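A quick note: this is a predicted structure, and the numbers were derived from the prediction, not measured. Numbers restart at 1 for each chain; the letters A, B, ... are given by sequence-line order, proteins then strands.
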Amino acid sequence: MRVATWNVNSAKSRLPRLLAWLDQRAPDVVCLQETKLSDQAFATTFDSALAERGYQVAHFGQGRWNGVALLSRVGLDDVDRGLPDEPCFPEPGSSPDARAITATCGGLRVTSVYVPNGRTPDDPHYGYKLRWLDALRAMLASGTPGSAVVAGDMNIAPTDADVWDPDLFVGSTHVTPAERAALGELMALGLHDVVRERWPGHRVFSYWDYRAGRFHQDKGMRIDLVLVGADAAGRVQAAWVDRAARKGSGPSDHAPVIVDLDEAPDGDIGPVVPPPTTPAKLPHLS
DNA sequence: ATGTCTGTAGTATACAGA
């Protein structure tokens with residue numbers, strides 16, 4: 001089963017690339033972020049094209065900003081939009097952003113997340129980001145973290161190895177100790193950062209600013225993560241960033257992250273087997 | 001270091017967010 005996540009930076013403007021990518025990579029479950037469409041506009045634009053490709057769809061949008069979706073051809077059940085007790089920005093008086101959608105797909109509880117950016121550490125949005133991450137942690141803790149898959153734009157670089165120039169980012173959002181601690185609280189539920197586990201010590205980025213030729217120079221950040229609980233962690237066969245999807249004309253500023261899982265035994269996830277320490281055949285990066 | 005892209009408002013070009 002192939003699981004993928006992609007911050008498309010507007011599903012409407014990414015329409016041709018998104019459909020071509022689905023045909024090329026054939027993911028079974030897709031987490032999308034920053035669709036920037038209302039539910040109705042997403043349905044109008046995508047429902048028939050996705051149905052033709054065998055996908056069930058759940059979208060949670062608000063129009064201009066944010067917007068997340070799940071596509072699945074291995075079942076899409078028990079959809080939850082948003083988080084319990086989700087914080088809002090700005091408080092008071094606003095309603096929750098469209099930043100999380102959860103469903104059961106192929107026996108896993110999959111959440112597509114678009115974590116708040118935070119802007120700068122002294123901006124009120126930064127506190128909102130930390131509260132939002134805590135609400136995500138609380139939702140996962142109240143469920144069954146072993147079956148969880150959390151995939152999306154975390155807007156956090158887990159370590160300095162996940163930033164092209166750590167010195168330049170000191171004091172900036174995405175790398176502060178409080179953000180990394182909040183990510184650590186998620187991981188403490190038993191989640192695995194499967195791309196980093198597959199590529200320890202490698203230069204692996206998922207986001208490159210449009211400006212200043214950053215992609216061409218591979219000056220990026222790894223902020224799009226696939227975090228999986230124990231059930232899926234023992235089934236990981238490949239985990240990589242689809243850097244090719246960032247190339248050419250009209251790309252998103254994020255690349256997809258793709259994770260391949262062995263099939264679960266019939267009706268039973270089975271005993272958890274730790275991932276092999278020697279990578280098997282893996283796609284070539286760069 | 002802030003060079004780009006996106007959507008919106010509104011009709012040309014500005015603004016905000018990332």
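Per the geometry, CG belonging to Asp153(A) stands 10 Å off C1' belonging to dA18(B), to the nearest Å. Whole-Å rounding puts the Asn9(A) CG to dT8(B) P distance at 12 Å. In this structure, the NE2 atom of His216(A) is 16 Å from the C1' atom of dT4(B), given to the nearest Å. Atom CZ in Phe215(A) sits roughly 14 Å away from atom P in dC5(B) (whole-Å rounding). A straight line from CZ of Phe169(A) to P of dA18(B) spans 15 Å, rounded to a whole angstrom. With rounding to whole Å, Trp65(A) atom CH2 is found 7 Å from dA18(B) atom P. Atom CZ in Arg119(A) sits about 21 Å away from atom P in dT2(B), given to the nearest Å. The OH-P distance, from Tyr207(A) to dT4(B), rounds to 13 Å in whole Å.
Along DNA chain B, the nucleotide nearest to Pro116(A) and the one nearest to Tyr210(A) differ in position, and the one closer to the 5' end is contacted by Tyr210(A). Checking Arg214(A) against Gly250(A), the closest nucleotide of DNA chain B that is more toward the 5' end is the one next to Arg214(A).
Taking the P atoms as reference points, dC15(B) lies 14 Å from dG10(B), given to the whole Å. Separating the C1' atom of dA12(B) from that of dT8(B) is a span of 14 Å, rounded to the nearest Å.
Side-chain atoms of Trp208(A) and Asp218(A) form a donor-acceptor pair, as typed in the model, at a separation below 3.5 Å.
Distance from the side chain of Lys12(A) is smallest to dG7(B) among dC5(B), dA18(B), dG7(B).
Side-chain nitrogen and oxygen atoms of Arg14(A) include at least one within less than 4.0 Å of the OP1 or OP2 phosphate oxygen of dT6(B). Taking 4.0 angstrom as the limit, Ser13(A) places a side-chain polar atom (N or O) nearer than this to OP1 or OP2 of dG7(B). Phosphate contact (OP1/OP2 of dC5(B), side-chain N/O of Arg211(A), threshold under 4.0 Å): absent.
Residue contacts for Tyr114(A): at a heavy-atom cut-off of 4.0 Å it reaches the sugar-phosphate backbone alone, with no base atom in range.
Applying side chain to side chain donor-acceptor pair (under 3.5 Å) to Gln33(A) and the options Asp153(A), Asn9(A), Thr5(A), Asp224(A) leaves one that passes, Thr5(A).
Under the 3.5 Å distance criterion, the side-chain polar atoms of Arg2(A) are left unmatched by any main-chain donor or acceptor of Asp28(A).
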Evaluation steps, salt bridge (Lys or Arg N to Asp or Glu O under 4.0 Å), between Asp193(A) and Arg198(A): CA-CA 9 Å; Asp193(A) 175 0; Arg198(A) 276 298 189 192; over 6 Å; no

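Here Trp21(A) and Trp6(A) bring their ring centres to under 6.0 angstrom of each other.
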